[in-house]
Enquirer: 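Pasting a structure here, questions to come.
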Amino acid sequence: MANVVVIGAQWGDEGKGKVVDIYTEHADNVVRYQGGNNAGHTLVVGEEKVVLHLIPSGILHKGKRCIIGNGVVLDPEVFIREITNLKAKGKMEDDSVLCLSEALHVIMPYHKRVDLAREAKSGDRKIGTTGRGIGPAYEDKIGRRGIRLCDLLDRDIFARKLSEALEEKNFLLEQFLGDKPFTFDEIYDEYCGYADILRKYVADTSLMLHREVKAGRNILFEGAQGTLLDIDHGTYPFVTSSSTCAGGACTGTGISPRAIDEVIGISKAYVTRVGSGPFPTELLDADGEKMRQAGNEFGSTTGRPRRCGWFDAVVLRYAVRVNGLTGVAVTKLDVLDDFDSIRICTGYRYNGTVINEIPATLDVFAACEPVYEEMPGWKTPISNIRSFEDLPQNARNYIRRLEELMECPVVMVSVGPRRDETISLKNPFGK
């Protein structure tokens with residue numbers, strides 16, 4: 001038995017979907033524990049590409065139970081659309097393999113409108129939100145005024161909570177944000193329709209997972225975004241609104257910390273970031289554009305071009321520490337195939353002093369300059385290689401140097417987007 005958490009070790013978009021898809025083969029349950037449809041996992045199986053925003057990547061494997069935990073905020077319309085698209089592709093023939101926590105919070109239309117209106121009002125201080133209503137939904141959750149899935153299923157409770165919410169949200173929209181209000185009926189009827197569809201997926205998923213642990217079955221916990229976007233441990237305020245770190249797997253599902261056996265961090269062989277915020281190794285030159293094009297670095301949710309930069313070992317050491325990583329999966333190593341030389345950031349220079357940790361103060365972090373170490377590239381395609389020993393010597397040297405700087409072993413190397421374009425060094429499930 002093993003219970004494994006997979007998290008992003010950078011700013012998200014590290015390729016978690018592919019890694020989760022591979023590890024799902026060894027799991028009985030795959031659980032999404034935080035975030036909403038502001039995240040996107042792109043999977044390539046054979047020649048088919050599947051993009052998922054809410055449903056765990058394990059849904060592509062038959063016989064695996066997929067669970068969306070209480071730490072997620074759910075947009076019912078997006079969730080139902082994903083199910084429809086999967087069924088159209090011949091996937092998810094059995095509805096019983098997908099479960100929703102009765103305690104998760106629901107994204108409402110006013111959350112999305114508030115999200116977009118606030119961002120528009122922010123001017124040059126934009127955070128870079130996707131506008132999906134994620135942050136405002138978490139605000140209502142923490143403010144103890146959110147609508148949970150179990151509330152949505154009871155029409156009387158839902159009607160009362162919606163009326164209370166609209167009194168506040170319409171005032172905010174009209175009087176402060178200068179946007180149009182909502183009527184009760186336009187939301188109530190639509191969301192009651194969603195409730196009728198969602199009802200069959202709802203369960204006490206915390207109890208379900210407790211029983212799976214007791215029965216000795218394998219569980220894979222799937223996070224969204226990345227460590228540096230964590231609401232507590234990320235580059236605040238340029239973060240998401242949930243706990244993206246490994247601890248979120250416990251609070252977002254109701255599982256005990258004692259049940260977690262392995263924590264695998266996913267890191268690109270370089271770094272990308274979407275949205276605003278400090279990014280010390282960002283490349284605003286031909287090398288950055290070369291990475292973007294070779295890695296197809298455009299958001300799977302928004303289509304926005306990602307900011308690209310050299311590997312930042314300071315960020316990875318931080319991720320190792322706050323998540324308790326037991327291994328790192330390095331993705332997109334093949335994107336670096338055509339570089340003559342490759343840089344690694346080993347520290348930051350601030351006011352003439354070299355620092356080796358991420359500063360908490362945003363202005364200080366934004367002013368940090370990377371201290372680089374340079375290594376020779378390998379200048380040959382590697383996507384057809386399936387064993388670490390067969391990689392070019394310079395590619396192996398690069399991975400080994402990353403291990404030294406991260407202070408954590410590399411357990412997987414991805415050399416292409418397809419499931420089979422992967423080199424496995426250690427399986428966290430022990431198989």
Side-chain angles (χ1 to χ4, degrees), residues 32 35-40 51-55 68 70-88 95 98 100-122 126-202 240-242 301-303:
R32 170 80 180 274
N37 58 301
N38 55 338
V51 179
L52 298 171
H53 299 280
L54 281 168
I55 297 175
I68 298 180
N70 57 273
V72 172
V73 288
L74 186 93
D75 185 323
E77 181 183 7
V78 173
F79 177 75
I80 292 166
R81 186 165 62 242
E82 280 197 11
I83 291 175
T84 302
N85 291 340
L86 283 167
K87 288 181 179 292
D95 284 320
L98 182 58
L100 293 172
S101 168
E102 60 190 356
L104 64 75
H105 282 246
V106 180
I107 296 174
M108 304 300 293
Y110 47 76
H111 290 138
K112 290 181 272 190
R113 190 171 293 176
V114 166
D115 204 2
L116 290 168
R118 276 184 182 156
E119 189 79 340
K121 193 179 179 69
S122 297
K126 287 182 170 63
I127 287 176
T129 173
T130 60
R132 265 63 174 179
I134 311 300
Y138 277 115
E139 277 183 54
D140 279 357
K141 174 179 179 176
I142 299 302
R144 295 164 296 190
R145 55 181 177 269
I147 296 175
R148 298 187 298 168
L149 190 50
C150 55
D151 301 326
L152 183 64
L153 299 182
D154 185 309
R155 294 201 170 199
D156 291 336
I157 294 175
F158 177 50
R160 173 175 57 81
K161 288 203 163 191
L162 178 60
S163 295
E164 292 169 353
L166 285 179
E167 185 177 358
E168 176 190 340
K169 294 301 185 292
N170 281 342
F171 179 83
L172 175 63
L173 284 165
E174 288 185 284
Q175 301 301 318
F176 180 69
L177 296 172
D179 212 321
K180 60 182 181 180
F182 284 93
T183 65
F184 176 90
D185 290 341
E186 68 180 305
I187 295 178
Y188 183 76
D189 293 340
E190 178 184 0
Y191 271 66
C192 284
Y194 293 151
D196 292 338
I197 298 172
L198 297 179
R199 193 178 301 276
K200 62 184 173 184
Y201 300 106
V202 179
T240 192
S241 301
S242 57
T301 297
T302 63

Enquirer: Between Glu139 and Arg118, does any side-chain N to carboxylate O distance fall below 4.0 Å?
Expert: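 Yes.
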Enquirer: How many angstroms lie between atom CG of Leu52 and atom CG of Leu86, to the nearest 0.5 angstrom?
Expert: 5.5 Å
Enquirer: Contact between Val106 and Pro76 at the side-chain level, heavy atoms closer than 4.5 Å - yes or no?
Expert: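 A side-chain contact exists here, since the closest heavy-atom pair is under 4.5 Å.
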Enquirer: Any chance you could lay out the side chain to side chain donor-acceptor pair (under 3.5 Å) test for His105 and Asp140, step after step, and finish with the verdict?
Expert: CA-CA 9 Å; His105 282 246; Asp140 279 357; over 6 Å; no
Enquirer: Ion pair present between Lys161 and Asp154, side-chain N to carboxylate O less than 4.0 angstrom?
Expert: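 Salt bridge: no.
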Enquirer: Are the side chains of Tyr191 and Pro109 in contact, using a 4.5 Å heavy-atom criterion?
Expert: yes
Enquirer: Is it true that atom CD of Glu186 has more than 12 heavy atoms of other residues, nucleotides or ligands lying nearer than 6.0 Å?
Expert: yes
Enquirer: Can you name the nearest heavy-atom pair linking Gly71 to Tyr138, along with the distance?
Expert: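 Scanning both residues, the minimum pair turns out to be O-OH, 2.6 Å.
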Enquirer: If the plane angle is over 60° it's perpendicular, under 30° parallel, otherwise tilted; pick one for Tyr188 and Phe158.
Expert: parallel
Enquirer: Distance-only, no hydrogens or angles: does the Arg132 side chain make a donor-acceptor pair with backbone N or O of Ile107 under 3.5 Å?
Expert: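 Looks like no, no N/O pair under 3.5 Å.
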Enquirer: Got Lys87 and Asp95 here, is their nearest side-chain heavy-atom distance under 4.5 Å?
Expert: yes
Enquirer: Leu104 versus Val73: any side-chain heavy-atom pair under 4.5 Å?
Expert: no
Enquirer: Calculate, to the nearest 0.5 Å, the distance between atoms CG and CG belonging to Leu98 and Leu198 respectively.
Expert: 10.0 Å
Enquirer: Do NZ/NE/NH1/NH2 and the carboxylate oxygens of Arg160 and Asp151 come within less than 4.0 Å?
Expert: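 Judged by the 4.0 Å cut-off on N to carboxylate O distance, Arg160 and Asp151 do not form a salt bridge.
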Enquirer: Quick one: are Leu173 and Lys180 in side-chain contact, heavy atoms under 4.5 Å?
Expert: no
Enquirer: Could you check if a side-chain atom of Asp196 sits within less than 4.5 angstrom of a side-chain atom of Arg199, using non-hydrogen atoms only?
Expert: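 Heavy-atom side-chain distance check passes, below 4.5 Å.
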Enquirer: Considering only heavy atoms from C-beta outward, does the side chain of Glu82 approach that of His53 to under 4.5 Å?
Expert: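 They are in side-chain contact.
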Enquirer: Quick one: are the ring centres of Phe79 and Tyr194 less than 6.0 Å apart?
Expert: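 For Phe79 and Tyr194, the ring centres are not under 6.0 Å apart.
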Enquirer: Which distance, rounded to the nearest 0.5 Å, do you find between the CG of Leu162 and the CD1 of Ile157?
Expert: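 Answer for the CG-CD1 pair, Leu162 versus Ile157, is 13.5 Å.
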Enquirer: Atom CG of Leu172 and atom CG of Leu177: how far apart are they, to the nearest 0.5 Å?
Expert: 4.5 Å
Enquirer: Supply the atom-to-atom distance Ile134 CD1 to Ser242 OG, rounded to the nearest 0.5 angstrom.
Expert: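 So the CD1 of Ile134 and the OG of Ser242 are separated by 8.5 Å.
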